[in-house]
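Report on one structure; see the data block that follows.
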Amino acid sequence: MTDEELLTELDTMVRAATRADGGAITAIALAFGLTLHTEAREELGPRFEQDAADVLQEFFLGLAEGDRYVMPRIRGAAIPWMKRTVREIARRFVAEQEPPEAA
């Protein structure tokens with residue numbers, strides 16, 4: 001396969017995962033779990049990095065729901081989209097853990 005064909009296949013697999021395709025979700029977890037865990041840890045920072053697995057669980061549960069996420073129809077967007085989505089979940093997690101600042 002060419003690089004372009006691989007990107008197209010990956011985009012197809014991630015789109016299938018957003019529609020609750022269990023095989024695609026499993027493939028993503030196996031192939032990109034470590035990468036996505038690293039993204040979550042970096043976004044959570046040292047104070048919450050131990051919660052990275054919870055962030056990933058939220059991501060994969062969202063995929064399993066089949067209607068929570070929509071990957072953009074941009075060629076080659078699968079990996080950047082997954083990383084961005086995991087980072088957004090991590091940011092929300094941190095925001096929920098930290099008390100609001102006094103005004």
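The model shown is predicted, which means the values in this text are computed figures rather than measured ones.
For the residue pair Arg84 and Pro72, the shortest heavy atom distance occurs at NH2-CG, 4.2 Å. Listed here is the closest heavy atom pair of Ala78 and Val14: CB-CG2, 3.6 Å. Of all heavy-atom pairs between Ala90 and Ala40, the closest is CB-O, 4.1 Å.
The aromatic rings of Trp81 and Tyr69 sit perpendicular, their planes meeting at an angle over 60°, well past the 30° parallel limit. Between Phe93 and Phe48, the ring planes lie perpendicular to each other; the angle is over 60°, past the 30° to 60° tilted range.
To the nearest 0.5 Å, atom NE2 of residue His37 and atom CD of residue Glu49 are 9.0 Å apart. Taken from CD1 in Ile89 to CG in Asp54, the straight-line distance is 11.5 Å, to the nearest 0.5 Å. Rounded to the nearest 0.5 angstrom, Arg92 CZ and Glu58 CD are separated by 7.0 Å. With rounding to the nearest 0.5 angstrom, the CE atom of Met71 is 4.0 Å from the CG atom of Asp11. The distance from atom CE of Met13 to atom CG of Leu6, rounded to the nearest 0.5 Å, is 10.5 Å.
A 4.5 Å side-chain heavy-atom check between Glu39 and Val55 finds every atom pair outside the cut-off. Between Leu10 and Phe32, some side-chain heavy-atom pair lies under the 4.5 Å cut-off. Arg15 has its side chain within reach of Arg73: a pair of non-hydrogen atoms, C-beta onward, lies under 4.5 Å apart. Side-chain contact between Thr18 and Val70 is absent, with no heavy-atom pair separated by less than 4.5 Å. A 4.5 Å side-chain heavy-atom check between Ile28 and Phe60 finds at least one atom pair inside the cut-off. Leu36 is listed as a side-chain neighbour of Met82, based on a closest heavy-atom distance under 4.5 Å. Counting heavy atoms from C-beta on, the side chains of Asp3 and Leu7 never come closer than 4.5 Å.
With hydrogens and angles ignored, the 3.5 Å screen pairs no side-chain donor or acceptor of Arg91 with any backbone N or O of Leu44.
Evaluation of the side chain to side chain contact (heavy atoms under 4.5 Å, CB included) rule for Glu5 yields Met1, Thr2 as partners, not counting sequence neighbours.
Between Glu42 and Lys83, no side-chain nitrogen of the basic residue sits less than 4.0 Å from a carboxylate oxygen of the acidic one, so the salt-bridge criterion is not met.
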